[in-house]
Amino acid sequence: MTASAAIIDPQCLQNFVIMFINKTSDNRNIICGKNVAAFRKELHISQRELADRLQLIGLDIDKNAIQRIESGQRFVTGIELCALSRVFGRSYSELLTSDHSDTE
């Protein structure tokens, strides 16, 4: 073994790696993405229409960002959460809980 090699306990390394996983159990980055999709579908609007409504209240966002949010590939900022809450007429809690995500 060289001086630069270190002996690392595999269990310790596994715990270290797991500690920094920022995804849900279904490999999504955010928990509200499914709710955004469900609430959008309840309004019978497209992703583009949701982006347009968010733009009307001052949020610079496009259809592609909505798609990435819904698929869990993009994080939602606090400002975006506020805007989504306004457009959907829902509380932050409703957007962030997993209870609504099973409606798809």
Side-chain angles (χ1 to χ4, degrees):
M1 181 180 296
T2 65
S4 62
I7 299 174
I8 299 174
D9 176 16
Q11 183 64 39
C12 179
L13 182 59
Q14 180 182 1
N15 290 339
F16 179 77
V17 172
I18 290 172
M19 205 168 78
F20 293 103
I21 294 175
N22 291 332
K23 296 189 182 231
T24 62
S25 60
D26 61 350
N27 207 32
R28 291 172 168 261
N29 286 325
I30 59 168
I31 57 174
C32 70
K34 286 184 177 182
N35 292 344
V36 170
F39 296 151
R40 176 182 60 78
K41 290 173 185 177
E42 283 179 12
L43 293 175
H44 304 288
I45 60 174
S46 66
Q47 292 172 338
R48 182 171 305 283
E49 175 67 20
L50 176 56
D52 290 346
R53 290 184 186 195
L54 290 166
Q55 288 173 2
L56 286 174
I57 62 171
L59 184 66
D60 185 20
I61 195 166
D62 65 10
K63 173 211 163 293
N64 295 325
I66 299 298
Q67 188 278 324
R68 290 191 312 272
I69 288 169
E70 290 184 358
S71 67
Q73 298 173 345
R74 183 182 179 282
F75 289 103
V76 175
T77 67
I79 292 169
E80 292 167 341
L81 188 66
C82 292
L84 288 164
S85 174
R86 285 180 58 195
V87 166
F88 291 136
R90 303 287 187 139
S91 69
Y92 305 133
S93 178
E94 288 176 293
L95 281 166
L96 294 173
T97 57
S98 60
D99 297 340
H100 305 287
S101 63
D102 295 329
T103 59
E104 287 189 85

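Everything quoted here is computed from the prediction, not taken from an experiment.
Screening residues 45-59 for side-chain hydrogen bond (donor to acceptor under 3.5 Å, both in side chains), with sequence neighbours left out, gives Q47-E70, E49-R53.
Rounding to the nearest 0.5 Å places CG of L43 at 8.5 Å from CG of L50. Of the inter-residue distances, the one linking E94 atom CD with F88 atom CZ reads 11.5 Å to the nearest 0.5 angstrom. Rounding to the nearest 0.5 Å places CG of L95 at 6.5 Å from CG of N35.
The local environment of CD1 in I79 is sparse, with at most 12 non-hydrogen atoms from other residues, nucleotides or ligands closer than 6.0 Å.
Counting all heavy atoms, side chain and backbone alike, I61 lies closest to A65 at CG1-CB, 3.5 Å. The two residues E80 and F75 make their nearest non-hydrogen contact at OE1-O, 3.9 Å. For A51 against D62, the heavy-atom pair with the smallest separation is CB-C, 3.7 Å. Residue V76 comes nearest to L84 through the heavy atom pair CG1-CD1, 4.2 Å, listed as atom of the first residue, atom of the second, then distance.
Shown here are the side chain to side chain contact (heavy atoms under 4.5 Å, CB included) partners of A83, two or more places apart in sequence or in another chain: L54, I57, L59.
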